[in-house]
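As structure tokens, the structure follows; a few thoughts come after it.
Numbers for residues simply follow the sequence, beginning at 1.
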Amino acid sequence: MVFFEKVFNWLLVIGLLLMVGRLLTLMFMFLDIPFTTFFKDYSLASIILLIIGLIGSQAIKEKKK
């Protein structure tokens, strides 16, 4: 069970980092500053990782109670 807890926590952290990257890309796009399109290209993957990490972390917390 500890393994799954770590996996879900890492998915949550990676998803949050990718979300911050997407927000930075959006901010730079509005300011007309050239920035990488990596975060824009992989927006669906970042949302999926974030959702899986969030749901998994919440499920692990509920089982611990």
Within a strict 4.5 Å, meaning less than it, do heavy atoms of the Leu54 and Gln58 side chains meet?
no

Does Leu49 share a hydrophobic cluster with Leu23, counting links as ILVMFWY side-chain heavy atoms below 4.5 Å and allowing steps through other members?
no

Note, Arg22 side chain near Ile47 side chain (heavy atom, < 4.5 Å):
yes

Testing the basics here: between Asn9 and Ser57, what is the closest heavy-atom pair and its distance to 0.1 Å?
OD1-OG, 3.3 Å

In the structure I gave you, are the side-chain heavy atoms of Leu50 and Leu12 within less than 4.5 Å of one another anywhere?
yes

Approximate separation, where rounding is to 0.5 Å, of Leu11 CG and Ile55 CD1:
11.5 Å

Can you give me the closest heavy-atom contact between Ile60 and Phe8, atom names plus distance?
CG1-CD1, 4.0 Å

So with a 6.0 Å cut-off around CZ of Phe28, is the heavy-atom count from everything else above 12?
yes

How long is the span from the NZ atom in Lys61 to the CD atom in Glu5, to the nearest 0.5 Å?
9.5 Å

Does Ile33 share a hydrophobic cluster with Leu24, counting links as ILVMFWY side-chain heavy atoms below 4.5 Å and allowing steps through other members?
yes

Among the clusters formed by ILVMFWY side chains lying less than 4.5 Å apart, do Val13 and Val2 turn up in the same one?
no

Going only through I, L, V, M, F, W and Y residues with side-chain contacts under 4.5 Å, is there a path from Leu18 to Ile48?
yes

